[in-house]
There are 2 protein chains.
Amino acid sequence: MDYSHNMIRKFRERGLKITPQRLAIFNLLDGNTGHPTAEEIYSGLKKDFPNLSFTTVYNILKSIKEAGGIQELLIERERAHYDPDVSLHHHIICTRCGKLRDIFYTNTSEMRLPDDILKEFSVTGHQIHFYGVCRACSENEEEEEGKTAVPREGANAN
Amino acid sequence: MDYSHNMIRKFRERGLKITPQRLAIFNLLDGNTGHPTAEEIYSGLKKDFPNLSFTTVYNILKSIKEAGGIQELLIERERAHYDPDVSLHHHIICTRCGKLRDIFYTNTSEMRLPDDILKEFSVTGHQIHFYGVCRACSENEEEEEGKTAVPREGANAN
DNA sequence: AACTAAATTGCAGTTATTACAATTAAAGAA
DNA sequence: TTCTTTAATTGTAATAACTGCAATTTAGTT
Ligand SMILES: [Mn+2]
Ligand SMILES: [Mn+2]
Ligand SMILES: [Zn+2]
Ligand SMILES: [Zn+2]
């Protein structure tokens, strides 16, 4: 609710119109910690907007991003995930099943970049992505391995 | 040279054959700090292997990655970049032109993850990506803006 | 109610990556 | 060296996420 109102305000400030599709996406994103993909957002709205276009979803996400209302997570090759929480936090994804979780990181060691980088780039943001294998996936794997080989402990490299 | 020999050894250990295409990719990657894409690797070898297949490039990159010889950088939506330097360092990319640079980060504040994450995931790695606008691009932008509006200082958000 | 610029829609592209079957070739044995 | 086996490479077709664009609709204003 709060998120939606903020976005409405931001969109108005930017001279963008408030359409039902935009409102619906604001509402879908509001408090959403699931890091949805464009496809998931599209599916989520399809019931209420039977002839919603994918193009519209992409357009709206682009506008929201430009207004600072989401971050686009480039954490897996196949597709982008969208996160309405633009505060400082990191993410971890299971490279087997794609399970994606927030990491609210306490160790606030300020990212101080080397001077030559700061001279060459005007930095706008950063993302920290962790990769791993989740419980469920490593247990499944053990089972499958078990048929032919000796099961190992959960730790294995990417 | 050293990189190639290591990769040859690693491939042998894993029972993989040493083919001319594989050798050529090892050599292309050896000491390569340019973070090439699959397409750039393909083009780089095309002179020596006129009927090299893209599939081969992707297959070989996959094998090298599985052998720990490269990291795949998922830093921009469009394509993956490959980095034969698998030691701890970060990257920054210009969101306008795609210029991609290493950041050798000194501040070694050990990434200590929250316990609930460590309980749920067996972590295999992480990547830190910075986004920004490079000198050349922000200067170009000023020029273009200058035609209609007042030029600003270099700092602008994504 | 009428107007107009902007948003949405429906498709048709684009592009990186993957799947797969047929051909070729590396590596080890004879 | 030649033979054999098995994996690697090739060529091509498929996939899937995203983008471009022209036509239609609509939000916001008068
Ligand atoms: Mn998040
Ligand atoms: Mn690098
Ligand atoms: Zn998993
Ligand atoms: Zn640039």
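Hydrogens, waters and symmetry mates play no part in the numbers below; they use all other heavy atoms, side chains included. Each chain gets a letter, A, B and so on, in the order its sequence line appears, and its residues count up from 1.
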Shared hydrophobic cluster for B:Ile92 and B:Tyr82 (ILVMFWY, side-chain gaps under 4.5 Å):
no
Indicate yes or no for a side-chain donor-acceptor contact from B:Asp85 to the backbone of B:Ser87 under 3.5 Å, with no hydrogens or angles considered.
yes
Where the side chain of B:Glu120 meets the backbone of B:Ile117, is there a donor-acceptor pair that is under 3.5 Å apart?
no
Thinking salt bridges, do B:Arg77 and A:Glu72 make one under a 4.0 Å N-O criterion?
no
Tell me: CZ of A:Arg22 to C1' of D:dT25, nearest whole Å?
14 Å
Just checking, any donor-acceptor pair under 3.5 angstrom between side chains of A:Tyr58 and A:Lys62?
no
Decide whether B:Asp83 and B:His89 meet the rule of one side-chain donor and one side-chain acceptor closer than 3.5 Å.
yes
When you check the side-chain N and O atoms of A:Gln127 and A:His90, is any donor under 3.5 Å from an acceptor?
no
A:Glu76 CD - D:dA16 C1' separation (whole Å)
13 Å
Would you mind reading off the distance between A:Asn59 atom CG and D:dT19 atom C1', rounded to a whole angstrom?
9 Å
Give a yes or no on whether the backbone of A:Gly132 and the side-chain of A:Thr95 come within a donor-acceptor separation of less than 3.5 Å.
yes
Distance under 4.0 Å to a non-hydrogen atom of chain B counts as contact; along DNA chain C, which nucleotides mark the start and end?
C:dA16 to C:dA27
Below 4.0 Å: OP1/OP2 of D:dT19 and any side-chain N or O of A:Tyr58:
no
Could you see if B:Ile64 belongs to whatever hydrophobic cluster contains B:Leu73? Use Ile, Leu, Val, Met, Phe, Trp, Tyr and a side-chain cutoff under 4.5 Å.
no
Do the rings of A:Phe11 and A:Phe26 sit parallel, tilted or perpendicular, given the 30° and 60° boundaries?
perpendicular
Looking at D:dT6, does its base get a donor-acceptor pair with the side chain of B:Lys17 below 3.5 Å?
yes
Whole-Å distance, A:Leu61 CG to D:dA17 P, equals 14 Å
Report the distance from atom CD1 of B:Ile25 to atom C1' of D:dT9, rounded to the nearest whole Å.
11 Å
Check each residue of residues 36-57 of chain A for a non-hydrogen atom within less than 4.0 Å of any atom in DNA chain C, then write out the ones that pass by number, or none.
A:Asn51, A:Leu52, A:Ser53, A:Thr55, A:Thr56
Have A:His91 and A:His35 got a donor and an acceptor in their side chains that come within less than 3.5 Å?
yes
Let's test your reading of the pairing rules: Watson-Crick or G-U wobble, both distances under 3.5 Å, then write DNA chain C as a dot-bracket string with ( ), [ ], | and dots.
||||||||||||||||||||||||||||||
Separation of A:Arg79 atom CZ from D:dA16 atom C1', in whole Å?
9 Å
Nearest whole angstrom, please: distance from the P of D:dA27 to the CG of A:Leu23.
10 Å
Nearest whole angstrom, please: distance from the C1' of D:dT6 to the CG of B:Leu16.
12 Å
